[in-house]
Amino acid sequence: MKIATFNVNSIKARVETVLTWFKQATPDVACLQEIKCETNAFPALEFEALGYHCAILGQKSYNGVALISKHKIEDVQNGLPGDNADDQARYIEGVVSTKKGAVRVASIYAPNGNPVDSDKYPYKLKWMDRLIAHTKKLLTYEEMFVLGGDYNIIPTVDDVYDAKAWENDALFKLDTRRKLRELVNLGLTDAFRACNATPHLYSFWDYQAGAWQKNNGIRIDHLLLSPQAADRLKTCKIDKHVRAWEKPSDHVPVWCELKL
DNA sequence: ATGCCGGGCGAAGCCCGA
């Protein structure tokens with residue numbers, strides 16, 4: 001089973017690019033982020049025409065996440081628990097069942113957090129605390145799950161082109177990285193790092209300043225696996241070539257293959 | 001270079017992202 005995460009940076013602006021990738025990559029499940037449209041404005045018909053089911057949590061203008069699956073999506077949970085006042089569409093979770101087993105999959109768009117002296121940074125850290133609390137609950141089920149998404153966190157110095165330039169950024173500050181470690185240390189596996197030791201492989205390149213041409217990237221899109229899913233992990237790759245397409249997102253797809 | 005692109009909204013120019 002191939003499970004992918006892809007921050008599309010507006011599904012309306014990117015629908016042809018994203019569909020092209022779906023036809024080539026044929027993921028079983030894809031976690032999309034930054035769809036930037038309301039739930040009922042998502043182009044579900046185009047994905048259904050390719051044989052997919054859609055579970056969508058959108059909002060006007062910003063954020064928005066979706067699960068796209070070849071198999072039916074059940075037990076869908078809209079939103080990250082822990083703060084009823086939070087109306088930002090950043091989390092959707094569902095269960096994908098096959099004859100060979102069921103996998104719980106979440107599509108995550110964690111907050112950016114910049115600038116760090118604004119209320120956006122504490123919101124980011126608190127959001128991660130909520131994700132950690134929710135993950136503790138998911139782990140008690142002792143099932144396969146994959147938390148895929150744009151975490152807006154650079155895990156280590158090996159995941160950024162210039163660590164010094166990013167040391168005070170909300171994506172790389174020590175307090176930020178501690179939150180990701182706290183999450184992973186619950187017992188999760190960073191699928192990409194489990195399969196690839198090579199440093200300086202990235203999932204995001206800014207549109208500006210020739211970042212792509214200079215390979216000034218960062219790795220912030222992650223697939224975090226429960227122990228039961230990690231036991232079945234075969235491979236994990238970054239579809240870097242997609243960044244060179246016409247009208248690309250600034251992120252590229254990251255995907256893993258599980259034995260089932 | 002805390003906005004150089006690129007998208008949303010909405011119809012010009014500001015807000016936002018990483």
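When reading the values below, keep in mind they use all heavy atoms of this one structure, side chains included, and skip hydrogens, waters and symmetry mates. In what follows, every chain begins at residue 1, and chains take the letters A, B, ... in the order their sequences are listed.
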At under 4.0 Å between heavy atoms, what does A:Tyr151 touch on the DNA or RNA strands: base, sugar-phosphate, or nothing?
nothing
Which whole number of Å gives the distance between the C1' atom of B:dG3 and that of B:dG8?
16 Å
With sequence neighbours excluded, what pairs up with A:Arg193 under the salt bridge (Lys or Arg N to Asp or Glu O under 4.0 Å) test?
A:Asp159
Lys/Arg-Asp/Glu bridge criterion (N-O < 4.0 Å) met for A:Arg178, A:Asp175:
yes
Would you indicate what A:Asp150 reaches in the nucleic acid, counting non-hydrogen atoms under 4.0 angstrom: base, sugar-phosphate, or nothing?
sugar-phosphate
Can any side-chain N or O of A:Tyr91 pair as donor or acceptor with the backbone N or O of A:Ala106 at less than 3.5 Å?
no
Is the shortest side-chain N to carboxylate O distance from A:Glu167 to A:Lys173 below 4.0 Å?
no
Nearest whole Å is fine: how far is B:dG17 C1' from A:His251 NE2?
8 Å
Interatomic distance at C1', B:dA1 relative to B:dA11, whole Å:
30 Å
How close or far is atom P of B:dG17 from atom CZ of A:Phe204, stated in whole angstroms?
12 Å
Testing A:Leu225, A:Leu188, A:Leu223 for side-chain contact (heavy atoms from CB on, under 4.5 Å) with A:Leu147, which one passes?
A:Leu188
Protein proximity profile, nucleotides 5-11 of chain B - base contact B, sugar-phosphate-only contact S, no contact -, cut-off 4.0 Å on heavy atoms
BSSSS--
Spacing of the C1' atoms in B:dC9 and B:dC4 (rounded, Å):
23 Å
Test: A:Arg104 cationic atom under 6.0 Å from A:Tyr141 six-membered ring centre, within 45° of axis
no
On a whole-Å scale, what distance lies between the P atoms belonging to B:dG10 and B:dC5?
25 Å
Ring pair (Phe, Tyr, Trp, His ring centres under 6.0 Å) between A:Phe22 and A:Tyr52, intermediate numbers included:
CA-CA 10 Å; A:Phe22 265 78; A:Tyr52 285 94; 5.0 Å; yes
Value in whole Å for how far the P atom of B:dG17 lies from CH2 of A:Trp166:
14 Å
Could you check how far CH2 of A:Trp212 sits from C1' of B:dC4, rounded to whole Å?
19 Å
Given atom CG of A:Leu171 and atom C1' of B:dT2, what is their separation to the nearest angstrom?
13 Å
Figure out the OH/P separation between A:Tyr109 and B:dC16, and round it to whole Å.
12 Å
Between atom CG in A:Asn114 and atom P in B:dC15, what is the gap in whole Å?
17 Å
Whole-Å distance between B:dG17 C1' and A:Gln33 CD?
14 Å
